[in-house]
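Index from 1, following the sequence. These numbers come from the heavy atoms of this one structure, side chains and all, not from hydrogens, waters or symmetry mates.
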Amino acid sequence: MSETSPKLRAELAGIPTYKPGRPAAAGGPVAYKLSSNENPYPPLPGVMESVTAAAASFNRYPDMACAGLTAELADRFGVPAAHIATGTGSVGVAQQLLQATSGLGDEVVYAWRSFEAYPIITQISGATSVQVPLTSGEVHDLDAMADAITDRTRLIFVCNPNNPTGTVVRRAELERFLDRVPGDVLVVLDEAYREFIRDAEVPDGVELYRDRPNVCVLRTFSKAYGLAGLRVGFAIAHEPVAAALRKTAVPFGVSQIAQEAAIASLRAEDALLGRVGSLVGERTRVVDALRAQGWTVPETQANFVWLRLGERTAAFAEACEGHGVVVRPFAGEGVRITVGETEANDIFLKAAEDFRKEI
């Protein structure tokens, strides 16, 4: 038998592994999972009925064009259907964007720390990551990001709100940044947590995209809409970009169950707004309590909070687990804690209070 192995792309060497939020231990002391930015509520009204009906025909391929969902999204956002492309969550669409724009020798600019999939999908495409440090306030440094643009830059991610810090960039600074970006560089406004924003100065990316052909907006049904397990997201972009996304999509990637669930979720907006409002209220309570305990907490507009803990990160995560909640540590940097059920948030706050007394 030959001792040689199949040749694989050199770009795959050293790709970091995406680390999902660890689940609560089965049968153990951990009761709540606050390590993934999931919605703690069950599916919205009408969703289970739609899913059940769609399940009866999953021996058939789904609608590859996602025509029903695309029409619903076009109506919801007031955009042409040709400007919409769907994919397996917003991260799936983000990877399609890399495939469509960037390869060996190209550069992709994004803030760091930001969404941990960015370096992974950039390296898979063969492009080079250009990571621009966040400001001391945990916010995108848009001036530095603009300065980092070269003639090799093909794509820029702006995660707004930023994962994992929850911080935002506001209208004036974002528009100033977009004005500095060359028209042949695609700017991706990753708005996975858009529904949780309560700061009126944070612009809706869809409004910015309308007269900027090099702006693409990413959205997802995984967070506020509570469909994380069904994997459906979408982009809104001008036709050349949206068409490229459809070319790079995995055929039949979005299941019919996911499509029907997303449509039903869009039609349950009143219930959605109520649930999001409850989570935003809990977010305010958690942030206020942490600050009262003496923690430095960046202003968050997402469904999570961020504590920069440095070398104490692992110990803090372990302490939380001992109390009964799993959080998401980023080794040597900090911990992201999803806003969950009131009971889960109370347990976390007690863990944070006890940990602070010990330092």
Between F157 and I121, does a side-chain contact (heavy atoms from CB on, under 4.5 Å) hold up when you go through it step by step?
-> CA-CA 12 Å; F157 283 111; I121 60 179; 4.2 Å; yes
Q256 versus S57, side-chain donor and acceptor atoms under 3.5 Å | no
Ionic contact status for R170 with E299, cut-off 4.0 Å | yes
Salt-bridge present (R336, E116; N to O < 4.0 Å) = no
If two hydrophobic side chains count as joined below 4.5 Å and joins carry through other members, does V91 share a cluster with V254?
-> no
Does a side-chain N-to-carboxylate-O contact under 4.0 Å join D199 and R171?
-> no
Return the orientation label for the H83 and H238 ring planes: parallel under 30°, perpendicular over 60°, tilted otherwise.
-> tilted
Separation between CD of Q123 and OG1 of T128, rounded to the nearest 0.5 Å | 9.0 Å
Between T167 (side chain) and E138 (backbone), is there a donor-acceptor pair under 3.5 Å?
-> yes
Minimum heavy-atom distance between A94 and L218, given as atom pair plus value | CB-CD1, 3.9 Å
Shared hydrophobic cluster, Y110 / V130 (ILVMFWY, side-chain heavy atoms < 4.5 Å) | no
Are P161 and I197 close enough that some pair of their side-chain heavy atoms sits under 4.5 Å apart?
-> yes
Sidechain-backbone polar pair: Q301 side chain, R198 backbone, donor-acceptor under 3.5 Å | yes
D204 with R219: basic N within carboxylate O range, under 4.0 Å | yes
Taking every non-hydrogen atom, the tightest pair across G253 and T88 | O-CG2, 3.4 Å
Interatomic distance, NE2@H140 vs CD@E173, rounded to 0.5 Å, equals 10.5 Å
Crowded around F252 CZ? As in, over 12 foreign heavy atoms under 6.0 Å?
-> yes
Report the distance from atom CZ of F221 to atom CD1 of I263, rounding to the nearest 0.5 Å.
-> 8.5 Å
Using the rule that two of Ile, Leu, Val, Met, Phe, Trp, Tyr join whenever any of their side-chain heavy atoms come within less than 4.5 Å, decide whether V181 and V206 are in one cluster.
-> yes
Value for CZ (R308) from OG1 (T296), rounded to nearest 0.5 Å, stands at 11.5 Å
Checking Q293 side chain against L349 main chain: does a donor-acceptor pair fall under 3.5 Å?
-> yes
Check for a donor-acceptor pair, side chain of R291 on one end and backbone N or O of V297 on the other, with a separation under 3.5 Å.
-> yes
With respect to E333, which candidate in R113, R328, R312 satisfies the salt bridge (Lys or Arg N to Asp or Glu O under 4.0 Å) definition?
-> R113
Can you check whether N162 reaches V139 side chain to side chain, under 4.5 Å on heavy atoms?
-> no
Can you see which heavy atom on S114 is nearest to which on W112, and at what distance?
-> N-CE3, 3.4 Å
Heavy atoms, side chains only, cut-off 4.5 Å: are C66 and R246 in contact?
-> no
Expected output: side-chain N214 to main-chain V185 donor-acceptor under 3.5 Å | yes
For G340, does its backbone N or O pair with a side-chain atom of T338 as donor and acceptor, under 3.5 Å?
-> no
Side chains of L189 and N160 in contact at under 4.5 Å (non-hydrogen atoms) | no
What pair of heavy atoms forms the shortest contact from A148 to T153, and how long is it?
-> O-OG1, 4.1 Å
So E49 and T52, side-chain contact (heavy atoms from CB on, under 4.5 Å) or not? Walk me through it.
-> CA-CA 5 Å; E49 292 82 354; T52 301; 5.8 Å; no
With ring centroids as reference points, do F77 and Y209 lie under 6.0 angstrom apart?
-> no
Please test L227 against V47 for side-chain contact (heavy atoms from CB on, under 4.5 Å), starting from the C-alpha separation and ending with a verdict.
-> CA-CA 10 Å; L227 302 182; V47 172; 4.2 Å; yes
In Å, rounded to the nearest 0.5 Å, how long is the span from OG1 of T101 to CG of L155?
-> 4.5 Å
Is there a side-chain contact between L97 and V241, using heavy atoms and a 4.5 Å cut-off?
-> yes
Does P62 offer a backbone N or O that forms a donor-acceptor pair with the side chain of Q259 under 3.5 Å?
-> no
Mark yes or no for whether R76, through its side chain, and L266, through its backbone, hold a donor-acceptor pair below 3.5 Å.
-> no
Taken to the nearest 0.5 Å, the spacing of I156 CD1 from I149 CD1 works out to 3.5 Å
Might you point out which heavy atoms bring F304 and G166 nearest each other, and give the distance in Å?
-> CE1-N, 3.3 Å
Are P119 and T122 side-chain neighbours, meaning at least one heavy-atom pair lies under 4.5 Å?
-> no
Any donor and acceptor pair, going by atom type alone, linking the side chain of R231 with main-chain N or O of S222 inside 3.5 Å?
-> no
For the residue pair Y193 and F196, categorise the inter-ring angle as parallel (less than 30°), tilted (30 to 60°) or perpendicular (more than 60°).
-> tilted
Heavy-atom closest contact (F348 atom, L34 atom, distance) | CB-CD1, 4.1 Å
D106 side chain to G103 main-chain N or O, any donor-acceptor pair under 3.5 Å?
-> yes
Side chains of E195 and Y225 in contact at under 4.5 Å (non-hydrogen atoms) | yes
Please assess F234 against V232 for the test side-chain contact (heavy atoms from CB on, under 4.5 Å), listing each intermediate value before the final yes or no.
-> CA-CA 7 Å; F234 61 97; V232 54; over 6 Å; no
Please say whether more than 12 non-hydrogen atoms of neighbouring residues, nucleotides or ligands are located less than 6.0 Å from CD in E318.
-> no
Side chain to side chain, E269 and L44, heavy atoms closer than 4.5 Å | no
Same hydrophobic cluster for L69 and L245, using side-chain heavy-atom links shorter than 4.5 Å among ILVMFWY?
-> no
Using the rule that two of Ile, Leu, Val, Met, Phe, Trp, Tyr join whenever any of their side-chain heavy atoms come within less than 4.5 Å, decide whether V168 and V217 are in one cluster.
-> no
Ion pair D346/R285, N-O distance below 4.0 Å | yes
